[in-house]
Asks: 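Sharing a structure, written as structure tokens. Questions coming.
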Amino acid sequence: ENGTLSVSGTFADPGVMDAHTVRVRWGDGSADTTLTLAPGVFEFSAQHVYRDDVPGATAVDEYLLEIVVTDETDTGPAWTAPIVVNNVAPIFDAFDLSAGAVNEGELLRVTGMVRDPGTLDAVTLTIAWGDGSGLEFRTLAADRRFAIEHRYATAGRFILAVVATDVIRSEVQDLKK
């Protein structure tokens, strides 16, 4: 996801003085790329960024790439190939605690940022504070930064776990308090 695919090719045409049009249909719902080639040019190249795998609960999605070459009088056969786009797990770019230990009744502040190459993915944090208070869920804004506070009502040693997910993949940060 968010990777660039480069395609290139050559073709033959007995009409050596024909101009050609190459249409590349990327298969992901984006606009086709149309290349206009001058007479005598029989090679082409194009690039496309697959912004995301298909939103849904799959780790891998497949698109059908189609390339068609035409001249003024004829359309050549379509060349097709499957394109596989993999979902990539988000990762923590930054993760900080306001303190390594807090006293009973004090706030612990967790801040950080999550990076996900899938720019169209919604990223959700699941936080287990470790003190029996239940799970907390936060959907991150587009900048994917977070600042979350929690008050520990009782004394003890707790394990804090924070998981960032985008659809089906996750990155875990486990920290001891």
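These figures come from a predicted structure and were not determined experimentally.
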Asks: Sequence neighbours excluded, which residues qualify as salt bridge (charged side-chain N to carboxylate O under 4.0 Å, His left out) partners of Arg23?
Replies: Asp32, Glu66
Asks: How long is the gap from CH2 on Trp129 to CD1 on Ile159, to the nearest 0.5 Å?
Replies: 15.0 Å
Asks: CG/Leu107 to CD1/Ile148 distance, rounded to the nearest 0.5 angstrom?
Replies: 13.0 Å
Asks: How many angstroms lie between CD1 in Ile91 and CE in Met113, if you round to the nearest 0.5 Å?
Replies: 9.5 Å
Asks: To the nearest 0.5 Å, how far apart are OG1 in Thr165 and CG in Leu125?
Replies: 8.0 Å
Asks: Looking only at heavy atoms, which two atoms of Val88 and Asp166 are closest? And how far apart?
Replies: O-OD2, 3.1 Å
Asks: Out of curiosity, does Val41 fall in the hydrophobic cluster containing Val7 (side-chain heavy atoms, cut-off under 4.5 Å, transitive links)?
Replies: yes
Asks: Treat each ILVMFWY residue as a node, draw an edge where side-chain heavy atoms are under 4.5 Å apart, and state whether Trp26 and Val49 are in one component.
Replies: no
Asks: If you look at every heavy atom in Ala46 and Thr33, which pair is closest and at what distance?
Replies: CB-CG2, 4.3 Å
Asks: Treating Ile, Leu, Val, Met, Phe, Trp and Tyr as nodes and any side-chain heavy-atom pair under 4.5 angstrom as an edge, say whether Val68 and Leu64 lie in one connected cluster.
Replies: no
Asks: List in chain and number order the residues that pass salt bridge (charged side-chain N to carboxylate O under 4.0 Å, His left out) with Glu136, two or more places apart in sequence or in another chain; answer none if no residue qualifies.
Replies: Arg138
Asks: Give, for atom OG1 of Thr21 and atom CG of Leu37, the distance between the pair rounded to the nearest 0.5 Å.
Replies: 7.5 Å
Asks: Does any part of the side chain of Asp13, heavy atoms only, come nearer than 4.5 Å to the side chain of Asp74, both counted from C-beta?
Replies: no
Asks: To check you understand the geometry: which heavy-atom pair defines the closest contact between Pro117 and Asn2, and what is its length?
Replies: O-CB, 2.8 Å
Asks: So, does Asp121 use its side chain to make a donor-acceptor pair with the main chain of Val123 at under 3.5 Å?
Replies: no
Asks: If you take the centroid of each ring, where Trp contributes its six-membered ring, are His20 and Phe11 closer together than 6.0 Å?
Replies: yes
Asks: Minimum heavy-atom separation for Val114 and Phe146, please, with both atom names.
Replies: CG2-CE2, 4.0 Å
Asks: If you compare all heavy atoms of Leu35 against all heavy atoms of Phe44, which two are closest, and at what distance to 0.1 Å?
Replies: CD1-CB, 3.9 Å
Asks: Could you tell me whether the side chain of Ser98 reaches within less than 4.5 Å of the side chain of Leu108, counting heavy atoms only?
Replies: yes
Asks: Tell me, do His48 and Leu65 make a side-chain contact under 4.5 Å, heavy atoms counted?
Replies: no
Asks: Quick one: are His150 and Ile127 in side-chain contact, heavy atoms under 4.5 Å?
Replies: no
Asks: Quick check: closest heavy atoms across Thr73 and Asp71, and the distance to 0.1 Å?
Replies: N-OD1, 2.9 Å
Asks: Say you draw a straight line from CG of Leu5 to OH of Tyr63; how long is it, rounded to the nearest 0.5 Å?
Replies: 12.5 Å
Asks: Sequence neighbours left out, what passes salt bridge (charged side-chain N to carboxylate O under 4.0 Å, His left out) with Glu104? Give chain and number order.
Replies: none
Asks: Distance-only, no hydrogens or angles: does the Arg109 side chain make a donor-acceptor pair with backbone N or O of Glu149 under 3.5 Å?
Replies: no
Asks: Kindly check if the number of other-residue, nucleotide or ligand heavy atoms within 6.0 Å of CD (Glu43) is above 12?
Replies: no
Asks: Would you say the side-chain atoms of Arg144 pair up with the backbone N or O of Asp116, donor to acceptor, closer than 3.5 Å?
Replies: yes
Asks: Take Phe95 and Val110 through the side chain to side chain contact (heavy atoms under 4.5 Å, CB included) test and state the conclusion after the steps.
Replies: CA-CA 7 Å; Phe95 192 93; Val110 179; 3.6 Å; yes
